[in-house]
Amino acid sequence: MSPESRQLYLRLLRYVFPYWRMLALGLLLSALAAAMEPLLPALMKPLLDNGFVPRGNGEVADGLLQRAPWVVPLIIVGIMTLRGIITFTANYAMSWVQIRLVNDLRQQMFDHMLRLPMSFFEQTPSARTITRLTNDVNSIGGAATTVGVTLIRESLSIAGLLAWLLYLNWQLTLVTLTVAPFIAWVTKKVGVRLRNMSRASQEGMGLMTQTLQEGIHCQKVLKVFGGQEQESRRFAAVNEEMRGYALRTAVAAAAGSPLVHFFVSIALAAVIYTALLQAGHGETTVGSFVSFITCMLMLLAPLRALAGVNLPLQRGLAAAESVFQLLDTPVERETGSRQLERASGRIEFADVGFAYPGAERPALAEVQLDIEPGQTVALVGPSGGGKSTLAALLPRFHAPDQGEIRIDGIALADLELSSLRRQIAIVSQETLLFNDSVRANIAYGASADATDAQIEAAARAANALDFILALPEGFDTVIGENGGRLSGGQRQRLAIARAILKDAPILILDEATSALDNESERLVQEALEHLMADRTTLVIAHRLSTIERADRIVVLVQGRVVESGRHEELLARNSVYAKLHQAQSVVAG
């Protein structure tokens with residue numbers, strides 16, 4: 001094992017340490033089972049040398065094995081029964097540790113993922129993260145426990161069998177050991193191949209999960225645009241890659257045992273030849289030879305097990321690399337320590353600039369914007385102007401590269417993240433709901449302890465109470481993945497009810513009324529008016545008709561504020577906003 005692999009394995013074992021008692025029990029019992037391995041060949045020598053001595057002319061048998069021939073069979077049955085019980089208990093103990101390990105690791109990965117910055121989710125395909133939590137972590141369990149037990153148990157078995165071989169005939173044992181370097185070479189080569197294929201398989205599994213996700217989530221586009229054949233080809237290509245990886249893994253794994261058996265057969269042939277020469281000179285007995293051969297053949301099972309352990313070991317180490325890569329990803333930086341009970345809602349963007357990694361130009365540059373408590377400020381402009389980026393900086397989904405953002409005069413970097421985000425509620429174009437009950441989706445997170453009366457009041461204010469009560473189980477109705485059992489307007493009103501219940505002093509509306517029919521838009525707009533009352537509101541809008549009554553409209557072009565004022569003022573200037581408004585009026589007309 002390379003130093004890198006050894007370090008990785010030792011780190012993995014640290015997760016097993018909390019269960020060291022059960023692990024120690026499993027290892028102890030495995031060692032005991034291994035110690036019993038040489039007992040069977042050891043019985044062969046007295047059985048053959050003393051149990052099959054011919055007697056003639058009415059002689060009375062005077063040996064124990066001849067007077068009580070049931071002794072050896074009874075001992076064999078007893079040994080195998082005891083060894084079976086010990087092996088079962090050892091396997092149960094190790095399975096218990098393995099299951100707890102996988103459970104703990106998966107929980108730690110999920111908890112860590114929840115604290116990762118938005119940049120991670122923007123740059124890492126969700127399917128890759130899902131594969132790590134669902135597939136990769138399963139491969140680790142066997143590597144950390146079963147593999148270790150197998151190595152210890154089979155190594156002890158080999159040691160015990162070799163000790164008996166040395167006791168019987170050290171010359172024949174040395175002949176047997178000549179194949180050990182060749183077996184080690186085969187194991188190393190096969191291990192490298194298996195590790196590489198395991199890495200490739202994990203990457204391929206992530207790509208397959210991503211393709212599958214897109215095939216499920218994009219069903220409407222797929223059906224309308226006739227993309228079935230195209231998606232089938234995409235999946236077939238990924239599936240074929242996975243087949244290739246699996247086949248190459250199977251070839252490498254399958255090649256290990258036959259190669260080991262080949263070298264063992266050479267050793268066996270040499271042993272038989274040498275033993276025949278020794279027998280010719282009276283240097284060995286039939287019992288010793290049969291005991292030696294039995295013991296040597298019994299070596300095949302632990303050798304085969306050690307060769308077979310390479311596959312789960314290398315697969316587990318490759319999975320561990322993937323899992324620890326996620327766990328080593330830095331979480332959101334907690335730069336602040338100040339608490340804010342309830343903000344008045346004053347927001348200041350002071351010379352703010354921000355650029356996404358690898359972008360050709362900054363998403364925001366020298367943004368200067370002051371928002372008074374209770375004001376509604378609309379952000380408009382062409383796509384790519386920086387509206388959503390500016391709103392994303394407020395809850396610190398990203399940190400500005402330059403300048404400073406302040407709430408009530410306190411820099412965001414000085415506020416604890418939890419304190420900052422308690423001040424903000426978001427309703428976006430992409431309505432994000434959970435496959436849970438209506439009640440759980442409204443009373444979510446910090447509002448989970450809300451009373452039924454509070455939840456009902458929030459639903460009423462969001463114009464959602466009537467349709468909720470009409471559902472089969474009312475507030476206890478499970479709404480499906482991302483609210484799939486509800487209409488677009490209903491989903492949006494649930495999101496508004498969630499924001500109303502949170503009662504945050506600052507509100508971000510990101511295209512909250514887009515893609516709705518007129519009736520749904522009317523109901524949502526009424527709900528939003530309830531929500532926006534007495535709150536500082538930042539509205540991102542492409543449909544300018546929805547923000548004409550805003551206290552101020554800020555026009556962003558290529559990350560810069562080019563205009564700011566009320567609707568009538570901006571129209572009178574006949575500049576960027578007026579042209580955008582005119583263009584939309586023409587389209588609407």
Side-chain angles (χ1 to χ4, degrees), residues 111-122 328-357 362-377 379 386-428 432 443-450 454 498-510 531-540 551-552 554 559 561:
D111 292 344
H112 186 81
M113 181 200 71
L114 295 178
R115 296 185 293 121
L116 291 176
M118 286 298 297
S119 56
F120 172 84
F121 299 100
E122 291 167 353
D328 291 339
T329 303
V331 298
E332 282 186 305
R333 291 179 58 206
E334 181 62 271
T335 60
S337 58
R338 297 185 63 178
Q339 294 280 340
L340 191 59
E341 287 302 319
R342 183 175 178 86
S344 66
R346 177 173 174 76
I347 304 171
E348 302 167 78
F349 292 86
D351 196 31
V352 170
F354 176 78
Y356 291 99
L364 296 171
E366 300 176 357
V367 173
Q368 196 78 30
L369 179 61
D370 293 340
I371 305 173
E372 296 299 324
Q375 270 193 337
T376 296
V377 173
L379 304 178
K387 304 182 294 297
S388 295
T389 300
L390 187 66
L393 294 182
L394 192 56
R396 272 185 61 189
F397 293 154
H398 299 285
D401 298 327
Q402 67 181 52
E404 190 174 69
I405 306 173
R406 295 184 287 270
I407 292 180
D408 290 1
I410 305 173
L412 298 191
D414 295 335
L415 283 170
E416 282 190 5
L417 277 172
S418 59
S419 179
L420 165 65
R421 290 170 181 171
R422 277 200 304 270
Q423 315 303 321
I424 302 169
I426 296 178
V427 180
S428 63
L432 302 176
Y444 182 74
S447 305
D449 295 330
Q454 290 171 323
R498 181 166 59 197
I500 290 173
L501 186 61
K502 184 177 183 182
D503 190 29
I506 298 171
L507 177 64
I508 298 173
L509 302 179
D510 187 355
L531 177 59
M532 294 164 63
D534 301 320
R535 302 180 205 276
T536 302
T537 306
L538 205 60
V539 182
I540 302 170
D551 296 312
R552 185 152 39 123
V554 176
V561 177

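All heavy atoms count here, side chains included; hydrogens, waters and symmetry mates do not.
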* To do: With sequence neighbours left out, write down each residue that passes ring pair (Phe, Tyr, Trp, His ring centres under 6.0 Å) with F349, or none if nothing qualifies.
  =>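 Result, ring pair (Phe, Tyr, Trp, His ring centres under 6.0 Å) vs F349: none returned.
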* To do: Could you tell me which residues satisfy ring pair (Phe, Tyr, Trp, His ring centres under 6.0 Å) with F120, sequence neighbours excluded, listed by chain and number?
  =>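 Per chain and number, F120 pairs via ring pair (Phe, Tyr, Trp, His ring centres under 6.0 Å) with no residue.
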* Please list, chain by chain and in numerical order, all residues satisfying salt bridge (charged side-chain N to carboxylate O under 4.0 Å, His left out) with R342, sequence neighbours excluded. =>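 Listed in chain order: D503.
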Evaluate the side-chain proximity of [Y] to [X]: yes if any heavy-atom separation is below 4.5 Å, no if none is.
X    : Y    : result
D401 : L364 : no
T389 : H398 : no
V554 : L369 : yes

For [X] versus [Y], what's the shortest heavy-atom pair and its separation?
X    : Y    : value
T335 : A413 : OG1-O, 2.7 Å
A450 : L501 : CB-CD2, 3.8 Å
A355 : P362 : CB-CA, 3.8 Å
L509 : M532 : CD1-SD, 3.8 Å
V352 : P400 : CG1-CB, 3.9 Å
D551 : G374 : OD2-O, 4.1 Å

Answer yes or no: is there a donor N or O on one side and an acceptor on the other, between the side chain of [X] and the main chain of [Y], under 3.5 Å?
X    : Y    : result
H112 : T329 : yes
K502 : I424 : yes
S344 : P373 : no

Quick check for you: to the nearest 0.5 Å, what is the distance between [X] atom [atom1] and [Y] atom [atom2]?
X    : Y    : atom1 : atom2 : answer
E341 : Q423 : CD    : CD    : 8.5 Å
T536 : I347 : OG1   : CD1   : 5.5 Å
L531 : T537 : CG    : OG1   : 7.0 Å
I506 : L394 : CD1   : CG    : 5.5 Å
L390 : L379 : CG    : CG    : 5.5 Å
R422 : Q339 : CZ    : CD    : 5.5 Å

* Crowding at OH, Y444 (>12 non-hydrogen neighbours, <6.0 Å) ->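 Not more than 12 within 6.0 Å, no.
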* Asked: In this structure, are over 12 heavy atoms from other groups packed under 6.0 Å from D534 atom CG?
  ->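 It does not: D534 CG has 12 such atoms or fewer within range.
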* **Qualifying salt bridge (charged side-chain N to carboxylate O under 4.0 Å, His left out) pairs with a residue from residues 405-421, counting only residues at least two apart or across chains** =>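 For residues 405-421: E332-R421, E348-R406, E404-R406.
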* To do: Sorted by first residue and then second, give each side chain to side chain donor-acceptor pair (under 3.5 Å) pair with at least one member in residues 367-377; sequence neighbours left out.
  =>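 Residue pairs passing side chain to side chain donor-acceptor pair (under 3.5 Å), neighbours aside: R346-E372.
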* Looking at residues at least two apart in the chain, or sitting in another chain, which of them share a side-chain contact (heavy atoms from CB on, under 4.5 Å) with A391? ->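 A391 satisfies side-chain contact (heavy atoms from CB on, under 4.5 Å) with I508, L538, I540 only.
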